[in-house]
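Written out below as structure tokens is the structure these notes cover.
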Protein chains: 2
Amino acid sequence: MGKDKKLNAEQKIIEAAADIFETKGFEGARMQQIADKAGINKALLHYYFRSKDLLFEKVFLKLAGKIFLKFIETFNIEGSIFDKIEMFLQIHQDLLYKNRKFPIFFFNEITRNPDLMRKLMLNLEISKKFQEITKQFDQEKKDGIIRQDVEVSHLIVNIISLSVFPYIGSPAIKEIMKEFDLNYEQFLDERRTMIAQFVINSIKV
Amino acid sequence: MGKDKKLNAEQKIIEAAADIFETKGFEGARMQQIADKAGINKALLHYYFRSKDLLFEKVFLKLAGKIFLKFIETFNIEGSIFDKIEMFLQIHQDLLYKNRKFPIFFFNEITRNPDLMRKLMLNLEISKKFQEITKQFDQEKKDGIIRQDVEVSHLIVNIISLSVFPYIGSPAIKEIMKEFDLNYEQFLDERRTMIAQFVINSIKV
DNA sequence: ACTATTTTTGACTAATTGGTTAAATCATAT
DNA sequence: ATATGATTTAACCAATTAGTCAAAAATAGT
């Protein structure tokens with residue numbers, strides 16, 4: 001039954017590939033480097049996954065699927081619309097914090113190959129969730145809890161923009177903050193509560 | 001004196017390289033493809049710019065410098081803080097609209113090579129401008145025009161997040177909107193006025 | 001213990017790619 | 001025109017890289 005290293009070469013490959021692809025991107029990643037990191041022979045990569053393209057697609061969809069799933073789960077939060085926004089952002093921030101390298105990797109890859117986004121959406125049932133949340137928001141708008149001119153699609157994009165961009169732009173923000181003797185980590189931490197405040201201030205009547 | 005094609009091989013190379021690098025990224029770009037697009041021999045690339053790295057760095061700094069310069073100019077806008085935000089966003093949106101491919105390219109490249117950001121900042125005097133704007137904002141905060149709890153660094157990042165992210169996430173947003181029969185172009189257009197409203201609503205007392 | 005099947009490897013290949021070189025072409029001044 | 005220097009090219013090179021293959025090693029079934 002082998003030692004702990006016997007935990008599936010296939011699994012080890014996927015983990016190593018995820019890490020290399022995430023840091024180097026598809027074009028920058030090297031099959032040899034993935035093999036080294038997984039502690040196996042390069043030929044084994046092709047034995048399990050026929051080509052670099054197929055390995056990448058599998059890894060990408062698995063990784064992005066996992067993260068999007070957690071992301072979508074937060075749509076089920078109960079409570080007032082303001083509670084929802086606060087809770088959603090809390091969980092969303094945690095998710096980003098633990099997967100810092102993911103956003104720029106994800107958006108870069110789907111830009112170079114938009115088909116990946118289509119495939120990802122087929123796996124998940126993302127649009128149904130969006131439809132639900134849209135209805136909920138529209139209802140709360142009718143109830144006069146939030147401003148009438150708040151458009152749900154924009155609100156969602158705004159919330160995601162505010163939380164994701166600081167990770168995408170991290171090297172730029174870090175460099176600029178260095179000039180001001182400001183601390184990027186602290187900056188991220190402050191945003192945890194700030195973003196929700198900023199959004200709620202903006203949409204409440 | 002030649003015909004119009006005589007406008008500098010060097011210039012033609014830079015334009016072609018900018019286009020290829022922007023769409024394919026450094027790793028994905030091919031020197032041969034750049035040569036083809038510039039309508040010259042591949043060896044000429046190395047004659048003018050010694051290597052792919054040097055060509056890339058020159059093109060990146062030139063392109064990013066040009067865009068950042070326009071970006072920084074907008075900090076000089078006069079008027080009330082709300083006017084400033086509106087004007088800034090107007091110009092910023094135009095700039096993004098005309099350079100759609102730039103944001104994801106830029107942030108991806110500085111992520112893979114943060115040193116580029118440092119070099120870019122040396123060329124421009126970006127931090128001085130940020131310092132000026134910070135003082136201005138702080139003053140208007142003391143004057144009680146905007147909420148006391150508005151932190152300037154966060155406000156700037158928020159504004160940039162809201163305007164830049166929709167371009168970075170374009171393939172994702174497009175795909176999701178397709179499911180809802182929503183139009184991405186119209187969505188971008190709506191944001192031109194929406195973002196300023198969203199920000200101002202949030203920071204006004 | 002023996003056989004069949006699966007997993008893993010080392011050595012190899014074909015294609016791509018960044019980069020070089022020496023010769024050819026063009027431009028300019030004398 | 002012609003010598004000089006800058007520009008451009010075709011042909012080539014060396015290194016890297018994804019992918020292959022046949023043989024070895026491990027695993028499981030009998």
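This one's a predicted model, so the numbers in the text were calculated from it and none came from an experiment. Here is the naming used below: chain letters follow the sequence lines, and residue numbers restart at 1 for every chain.
Among residues two or more places apart in sequence or in another chain, the side chain to side chain contact (heavy atoms under 4.5 Å, CB included) test is passed with A:Lys135 by none. Here B:Gln186 pairs with B:Asn183, B:Glu190 under the side chain to side chain contact (heavy atoms under 4.5 Å, CB included) rule; sequence neighbours left out. Residues forming a side chain to side chain contact (heavy atoms under 4.5 Å, CB included) with B:Lys204 (at least two apart in sequence, or on another chain): B:Phe82, B:Asn201. A search for salt bridge (charged side-chain N to carboxylate O under 4.0 Å, His left out) contacts involving B:Glu179 returns nothing, not counting sequence neighbours. Take B:Tyr184 and apply the ring-ring contact (aromatic ring centres under 6.0 Å, His included) test, not counting sequence neighbours, and it matches no residue. A:Thr111 is linked by a side chain to side chain contact (heavy atoms under 4.5 Å, CB included) to B:Ile104, B:Pro171, counting only residues two or more places apart in sequence or in another chain. Evaluation of the ring-ring contact (aromatic ring centres under 6.0 Å, His included) rule for A:Phe102 yields A:Phe106 as partners, not counting sequence neighbours.
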Please list, one pair per line, the donor and acceptor atoms closer than 3.5 Å that link side chains of residues 39-51 of chain A to other protein atoms, with sequence neighbours excluded.
unit_1: A:Asn41; atom_1: OD1; unit_2: A:Ala43; atom_2: N; d: 2.7
unit_1: A:Ser51; atom_1: OG; unit_2: A:Leu54; atom_2: N; d: 3.2

Compile the donor-acceptor pairs under 3.5 Å between side chains in residues 56-70 of chain A and protein atoms, sequence neighbours left out, one pair per line.
unit_1: A:Glu57; atom_1: OE1; unit_2: A:Lys119; atom_2: NZ; d: 3.1
unit_1: A:Glu57; atom_1: OE2; unit_2: A:Lys119; atom_2: NZ; d: 3.4

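Against DNA chain C, the stretch residues 30-37 of chain B makes heavy-atom approaches under 4.0 Å through B:Arg30, B:Met31. Within residues 44-57 of chain B, the residues that have a heavy atom under 4.0 Å from DNA chain C are, in order of number, B:His46, B:Ser51, B:Lys52.
Atom-to-atom, CG of B:Asn41 to C1' of C:dT25 comes out at 13 Å; the value is rounded to the nearest Å.
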Output one line per pair: protein atom, nucleotide atom from nucleotides 12-14 of chain D, and distance, for all N/O pairs under 3.5 Å.
none

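Residue contacts for A:Ala29: at a heavy-atom cut-off of 4.0 Å it reaches the sugar-phosphate backbone alone, with no base atom in range.
There is a side-chain donor-acceptor pair under 3.5 Å between A:Asn158 and B:Arg191.
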